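Below: the structure, in structure tokens.
Keep in mind that this is a model prediction, so the values were computed, not measured.
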Amino acid sequence: MSPSDREELLITALLELADPGGREAADPVERLAAYGRRLPGVEAGGVLLAGDGGSLVRTTGRDDAGDALERTQTDLDEGPCRDTCRTGKPLTDVPLRHPDSRARWPYFTARALDEGFSATTSLPVRYRDRCLGALNLFHQHGALTRRAVTLGQALADAVGIGLACRQDLQGLRKRTGQLQTALDSRVVIEQAKGMLAERLNRTPDEAFTLMRHYARAHQRRLTEVARRIISGPADTGPFARPGRS
């Protein structure tokens, strides 16, 4: 691949990875794995995403060898991608025949050598100080150039930006939903408090105290008690008008 071809690959990949809606059928992480495999010297590849609590979620491109090696890392909890996910640090051109690799990842290393790969590179998928996963590239020792590693890291960073924005948006939507639920509950409680205060000729604070004591005594939610006051009859029940049964 010529320098101009590499530049074109990078520009095309970054544009696509930055536009999740550009190709409806392609997930950004799948695209990252696919573009990683197109880097010069790379023979297979995959992506691991860090989940809640530091767990790993396997996500790969359509690559049998890469899929098998990503599965090995998650199933056995060992391997370069697993380490990069947890440390946020890249591992480049790691020689798998070296005794250190065999000692560090015994099962993964044996499986990778069986697949015909003599080296691996793992690049963090990151955004600022957050490591969201890792791009794993499988190749022969010495076959991956520094330029290819730089391109791979640029691709991983592009996906990291998108994933971080997606996570932040999901968190914002969750918090917005929680706030809306709390607001809706507060509106119902305030409405019921006003109705009960008028019905019993009490102050709003006294009406609220009555509602709260009733909810605790009967193990009911305060919003449930409030809705009963709003929708129930005013002349019967636990909050009936004075002088009524």
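The ring pair (Phe, Tyr, Trp, His ring centres under 6.0 Å) search around Tyr127 returns none, not counting sequence neighbours.
Looking at Arg126, its side chain never comes within 3.5 Å of a backbone N or O of Leu132 through a donor-acceptor pair. Checking side-chain atoms of Ser101 against main-chain N and O of Arg97 turns up no donor-acceptor pair under 3.5 Å. Between the side chain of Gln153 and the backbone N or O of Thr150 there is no donor-acceptor pair closer than 3.5 Å. With Gln73 contributing its side chain and Cys81 its backbone, the two residues share a donor-acceptor pair below 3.5 Å. Side-chain atoms of Asp93 never come within 3.5 Å of backbone atoms of His141 as a donor-acceptor pair (strictly under, hydrogens ignored). Within the 3.5 Å criterion, the main-chain N or O of Asp77 finds a donor-acceptor partner in the side chain of Arg82. Side-chain N or O atoms of Ser122 include none that pairs as donor or acceptor with a backbone N or O of Thr84 at under 3.5 Å. Judged by distance alone, the side chain of His98 and the main-chain N or O of Asp100 form a donor-acceptor pair under 3.5 Å.
Between the CG atom of Leu196 and the CZ atom of Arg241 there is a distance of 10.5 Å, given to the nearest 0.5 Å. Note that CG of Leu32 and CG of Asp157 are 10.0 Å apart. Values are rounded to the nearest 0.5 Å. With rounding to the nearest 0.5 Å, the separation of OG1 in Thr209 from CZ in Arg202 is 9.5 Å. The NZ atom of Lys174 sits 12.0 Å away from atom OG1 of Thr176, with the distance rounded to the nearest 0.5 Å.
With 3.5 Å as the limit, one finds a donor-acceptor pair spanning the side chains of Thr121 and His139.
Applying the side-chain hydrogen bond (donor to acceptor under 3.5 Å, both in side chains) test to pairs two or more places apart or on separate chains, those with a residue in residues 103-113 are Asp83-Arg104, Asp83-Trp105.
Between Leu163 and Leu49 there is a side-chain heavy-atom pair separated by less than 4.5 Å. Contact of the Asn136 side chain with the Thr120 side chain is registered, since non-hydrogen atoms from C-beta on lie closer than 4.5 Å. Within the 4.5 Å cutoff, the side chain of Leu151 has no heavy atoms near those of the Tyr35 side chain. With contacts defined as side-chain heavy-atom distances shorter than 4.5 Å, the pair Cys131/Val125 does not qualify. Residues Phe138 and Glu43 fail the side-chain proximity criterion, which asks for heavy atoms closer than 4.5 Å. The side-chain heavy atoms of Leu210 and Leu200, taken from C-beta on, include a pair separated by under 4.5 Å. Using a 4.5 Å heavy-atom threshold, the side chains of Asp67 and Arg71 count as touching.
Between Ala197 and Ala207, the shortest heavy-atom contact is N-CB, 3.7 Å.
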Distance-only criterion, 3.5 Å: show the donor-acceptor pairs between side-chain atoms of residues 221-233 and protein atoms not counting sequence neighbours.
{"from": "Arg228", "atom 1": "NH1", "to": "Tyr214", "atom 2": "OH", "distance (Å)": "3.0"}
{"from": "Ser231", "atom 1": "OG", "to": "Arg227", "atom 2": "O", "distance (Å)": "2.7"}

